2 protein chains.
Amino acid sequence: MNVSRTARERVRAELIREITDIARRHLATEGASGLSLRAVARDMGMVSSAIYRYFPSRDDLLTALIIDGYNALGEAVEDADAACPREDVTGRWLAVCRAVREWALAHPHEYALLYGSPVPGYRAPLDTVAPAIRDTAVYGRIVADAHREGRLSPPAFCPPPPAVLAGDAEVVRTLMPDVPDDVVTRAIAAWTCLFGMVSFELFGQFENTITHRAELFDHNMTCMAALLGLPV
Amino acid sequence: MNVSRTARERVRAELIREITDIARRHLATEGASGLSLRAVARDMGMVSSAIYRYFPSRDDLLTALIIDGYNALGEAVEDADAACPREDVTGRWLAVCRAVREWALAHPHEYALLYGSPVPGYRAPLDTVAPAIRDTAVYGRIVADAHREGRLSPPAFCPPPPAVLAGDAEVVRTLMPDVPDDVVTRAIAAWTCLFGMVSFELFGQFENTITHRAELFDHNMTCMAALLGLPV
DNA sequence: CTTCGTCAAGAGCGGTGCTCTCGGATTTTT
DNA sequence: AAAAATCCGAGAGCACCGCTCTTGACGAAG
């Protein structure tokens, strides 16, 4: 009965994969709010109600796409990091930045789903948090490596972080062990600046202003590396 | 005939104002995608088709809300800047940062409309660009003032921006006259970091991680001031 | 062979943006 | 003052949406 059950399960898993694939294609062309179960069903030659056998609601389909998106971005970031020599911490940081930007440019609607305005009424389930920090985990490893190997010399012009942030820094340190508080806050600043740049570019804030976006991005991320204390 | 014409025009203008007010209320409670012309019409005791006499499409209503939002944020930023002594450039920068964050926290859905994922299929008309840069214009004035009065001493650890960015810097300089290229790129970095922080906080990226958000925000914006070369 | 769970299909509910037409009111012109 | 042009609200209607419920077919399990 195990084999027969897996027979049914297999076709079911196959259909789920096909639904998410088509949904991702729709997402790429129409955006999150244009994702319609009926359209997906139409593309599959199914009747719309049949989709509900596999995804109980539109939000559940969205959750699947969000998890896939986080994993895709996380994998891109992991690959970019792995392609660098481990001791070249600045190169790894820049590679991660570029990987985020390039993945976002290649999948704008998926990026918007992950880092743009939250979908109203949608509450991200807990299954999303693990994939959501794959990229951040890579980043934390880079900072931790740089710190452990003594390659981190943060410039002294920043005031020390207030003591009240120590608790939050403790939480962040689970991703970048042993890193001191002031480096933690700068790491957050650099990370938010990275996503701020990508979001500005993708969401149209650079329209009619910035034309050489890759160059500006690289330069600003290099400045952020310097702010972090990485050798530039 | 002028007075009679304005009679009609006046009730028309009044209705337009009432529609946008109700729409803004709906936007605040349901978000952009929950904004429905029929619901607005229902709230006004009107029939849905009547709304189209005043806004030819949902996108036009959205445009009105976007323009209002940019103006509200711009005004908040202008007020915050004006409340500071003109020579306290660092204080003005911090006041602007806090004004952006506080306005965003008070009007999350409007902020999402302005700086979040673009509404698919929606193309912002040209009327939005002037209100859209009110806040940036204030920022530019602060940087320009600081530079003109010799209060800007950018730390030397950043590499100079590549020459290819000179053209873009020229465009940005319309908002911050006479500022050198390297300060322009840092100014962009600080500005994107500001909105990156606000977006991260508002869009849920700090969930389960950062609890003292105002303190982290202030500290990071102070670091950005230092990066810019403002006295800290 | 019968029972039971799974599934596709269809009808239907209430909602959406948007269009069109039809009268009535108002304004403008003659 | 009468006639013409304009504006406007109401209603019906189209095609779409998410979602629910029922029905009937099919295959696996006892």
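Lettering follows sequence order; numbering is per chain, from 1. Bear in mind that the values here come from a model prediction, so they are computed numbers and not experimental data.
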What's the NE2-P distance between A:His26 and D:dC17, to the nearest Å?
-> 10 Å

Taking only the side-chain heavy atoms of B:Met46 (C-beta and beyond), determine which of D:dG9, D:dC19, D:dG11 contains the nearest atom.
-> D:dG9

Roughly, in whole Å, what's the span from CG in A:Leu61 to P in D:dG18?
-> 10 Å

Closer than 4.0 Å, any side-chain N/O of B:Arg42 to the OP1 or OP2 of C:dG14?
-> no

Output yes when B:Arg141 and B:Asp145 qualify as a salt bridge under the 4.0 Å nitrogen-oxygen rule, no when they do not.
-> no

Are the charged groups of B:Asp59 and B:Arg123 less than 4.0 angstrom apart, N to O?
-> no

Of the listed nucleotides D:dG9, D:dT23, D:dC21, the one nearest the side chain of B:Arg53 = D:dG9

Closest to side chain of B:Ala50, choosing from D:dC19, D:dC16, D:dG9 = D:dG9

Donor/acceptor link under 3.5 angstrom from B:Arg38 side chain onto base of C:dG15 = no

Would you check, one step at a time, whether the test ring-ring contact (aromatic ring centres under 6.0 Å, His included) holds for B:Phe195 with A:Phe200?
-> CA-CA 9 Å; B:Phe195 284 90; A:Phe200 260 29; 5.5 Å; yes

Out of C:dA8, C:dG10, D:dC19, whichever nucleotide has its closest atom nearest the side chain of A:Arg58 = D:dC19

Are B:Arg17 and B:Asp21 within salt-bridge range, i.e. N to O under 4.0 Å?
-> yes

Would you kindly give the OH-to-P distance between A:Tyr122 and D:dG18, to the nearest whole Å?
-> 16 Å

Report yes if at least one side-chain N or O of A:Tyr54 is closer than 4.0 Å to OP1 or OP2 of C:dA8; otherwise report no.
-> yes

Using a cut-off of 4.0 Å on non-hydrogen atoms, how would the nucleic acid contact of B:Ser49 be classed: base, sugar-phosphate, or nothing?
-> base

Side chain of A:Ser36 (C-beta onward), nearest among D:dG18, D:dG9, C:dG10 | D:dG18

Whole-Å distance between C:dT26 C1' and B:Arg12 CZ?
-> 14 Å

Interatomic distance where OH belongs to B:Tyr52 and C1' belongs to C:dT21 [whole Å] | 17 Å

Could you please name the option among C:dT16, D:dA10, D:dT23 that lies closest to any side-chain atom of B:Ala39?
-> C:dT16

Regarding the side chain of A:Leu15, the nearest nucleotide among D:dT20, C:dA8, D:dC19 is C:dA8

Atom-to-atom span, CZ of A:Phe55 to C1' of C:dC7 - whole angstrom = 16 Å

Nearest whole angstrom, please: distance from the C1' of C:dG15 to the CG of A:Leu37.
-> 15 Å

With a non-hydrogen cut-off below 4.0 angstrom, is B:Leu35 in contact with a base, only sugar-phosphate, or nothing?
-> sugar-phosphate

To the nearest angstrom, how far is B:Asp43 atom CG from C:dT16 atom P?
-> 11 Å

Any ion pair linking B:Arg173 and B:Asp181 (charged N to carboxylate O, less than 4.0 Å)?
-> yes

